[in-house]
Number of protein chains: 2
Amino acid sequence: MTVLLKNPKGKVTVKMRAGTAEQGSGDGEKRGRKASKETRRQQLIEATIDSLAKRGYSDTTLADVADGAGLSRGIVNFHFESKENLLIATLQFMAEEYADHWNAALEKAGPEAAGRLWALVHADFDRKICTKRKLAAWCAFWGEAKSRPTYQALCGARDVKYQETVISLCAALKAEGGYAFEPEPTALSLCAMLEGLWLRLMMGDGTTREKALEAAIAHVATVFPKHLTLQGPRSQ
Amino acid sequence: MTVLLKNPKGKVTVKMRAGTAEQGSGDGEKRGRKASKETRRQQLIEATIDSLAKRGYSDTTLADVADGAGLSRGIVNFHFESKENLLIATLQFMAEEYADHWNAALEKAGPEAAGRLWALVHADFDRKICTKRKLAAWCAFWGEAKSRPTYQALCGARDVKYQETVISLCAALKAEGGYAFEPEPTALSLCAMLEGLWLRLMMGDGTTREKALEAAIAHVATVFPKHLTLQGPRSQ
DNA sequence: AGATACTTGCTGAATGATCATTCAGAATAT
DNA sequence: ATATTCTGAATGATCATTCAGCAAGTATCT
């Protein structure tokens, strides 16, 4: 919804921008000019993800982000000081959202290692996390991470915790099931596969979210046959 | 080796640039000013890979490429018409080199499916292909591929052939060994894992080429226990 | 052999386009 | 009245592209 108003000097200003839907009328958030600093920052971060997905890292401009948010050209420097800061904040947001998501999935999964691994794999392909635009944004950052220590640190922090969790799950399953593998290479190959599937999804060859999830499940069912099947974790 | 000469007007020109070593004195290639068009193009492509690896896609400038090749600022537009063309030629070169490499590995491997899969996995982590600078360049292109159909096509072409090969190897091994898996998801997860390991190598967390290869081998040994061990393919 | 014209590869300063950043001041809220 | 949020034109930096001209090589003529 967009409303155009003319002010006394005949200039056209836009109130109630066609932004994201986070400003419901029921919550405590104010709208339009009164939006809080945090709301604006989040709105700009969402517009940045859109732009990264649509135009790629190297063609993402502040003008495009501002247009996407329905705000003026100077807005990013007002709220983030610099383009660099905006991009870092965007990556930080995505990394936190990702970590929160799989941590929540783990918590819901209960104490059994098999169910926890099952939940972890599914979390990666959940509709909330695994959307075209977010995958594309992740990949844009990966492409730049090599030459930007800040991005590398943020992407790396994402992985380290995750991989440690997978390693300990592999170790627990090995102890329970008497498998022959070493936990660390097994966990590494599993994590790498999940990331590789994301890359495939992003690249838009035939791979769909369903096929990717199927392949991931087939993988873990093969590696942990005593604990996981294509249909779900076996009850121990 | 760099030799500086002063011409009659006092200007300094550079002969025998510190370029790549492709101009041995024995082959048919001329050097310096007389380098053939193909030689120059290859020299600029190598400099482009260097720049992508060192500065990332978005910070790679034609000035940097020209400096890296020890040539003047206008050189890229002289040989490639545009920056876009240079980048496409670079990606094309890497894609061809990659395909040639694993095809050659397959040919050397002989007719048995187990040995061919073993060779394919090893080819991915061979020193010729799997260098920091080339991984970084691949990743730079992946990051831009989403929003650039040309890159997407070139990266995709790389994968399709490869994945078809892996699918047929999985199918052959299944027929031989009576495994339960479906060839396609299994091949997809295997290919995704190999790409994911490349991503890890590029990101420069603790993962080394040796660890990556170990994880990949451990995985295929788990999936095809009747055909592959950590030490190599079983003789059938 | 030397002189001459012609071709090809290359240079680097000039050009113009794009874009991040700045900031004076407008609009809005308190 | 004062503070806060926001605007958008102006600024300057960066960079791809152009192109006139130089230099090296080659062919033709004397």
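Letters A, B, ... mirror the listed sequences (proteins, then strands); counts begin at 1.
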Atom CZ of A:Arg40 and atom C1' of C:dA27 are separated, to the nearest Å, by 13 Å
What verdict does the side chain to side chain contact (heavy atoms under 4.5 Å, CB included) test give for B:Cys139 and A:Lys146, after you've listed the backbone C-alpha separation in whole Å, the side-chain angles of each residue and the deciding distance to 0.1 Å?
CA-CA 9 Å; B:Cys139 198; A:Lys146 184 83 215 326; over 6 Å; no
Distance-only donor-acceptor check, side chains A:Gln42 and A:Glu38, under 3.5 Å:
no
Here the distance between atom P of C:dC23 and atom CZ of A:Phe78, to the nearest Å, is 14 Å
Atom-pair distance (CG on A:Asp67; P on C:dT18), nearest Å
15 Å
Would you say a side-chain N or O of A:Asn77 is under 4.0 Å from OP1 or OP2 of C:dA20?
no
Please give me every residue in residues 52-65 of chain A whose heavy atoms get under 4.0 Å of an atom in DNA chain D, ordered by residue number.
none
I need the single residue from A:Leu197, A:Asp124, A:Leu201 that forms a side chain to side chain contact (heavy atoms under 4.5 Å, CB included) with A:Cys130. Which is it?
A:Leu201
First locate atom CG of B:Leu71, then atom CZ of B:Arg40, and finally report the distance between them rounded to the nearest 0.5 Å.
5.0 Å
D:dC6 C1' sits how many Å from A:Lys37 NZ, rounded?
10 Å
Within residues 79-94 of chain A: residues closer than 4.0 Å to DNA chain C (heavy atoms):
A:Ser82, A:Lys83
Take A:Tyr162 and A:Leu194 through the side chain to side chain contact (heavy atoms under 4.5 Å, CB included) test and state the conclusion after the steps.
CA-CA 11 Å; A:Tyr162 190 91; A:Leu194 294 173; 3.3 Å; yes
Just to verify, what does B:His101 make a ring-ring contact (aromatic ring centres under 6.0 Å, His included) with, not counting sequence neighbours?
none
Please name the residue in the list B:Thr207, B:Leu213, B:Thr208 that meets the side chain to side chain contact (heavy atoms under 4.5 Å, CB included) test with B:Glu210.
B:Thr208
Could you state the CD1-C1' distance from A:Ile75 to D:dT7, rounded to the nearest angstrom?
8 Å
Please work out which of the three classes, parallel, tilted or perpendicular, describes the rings of A:Trp198 and A:Trp138, given edges at 30° and 60°.
tilted
Name the closest nucleotide to the B:Arg73 side chain, picking from C:dG9, C:dG12, D:dC6.
C:dG12
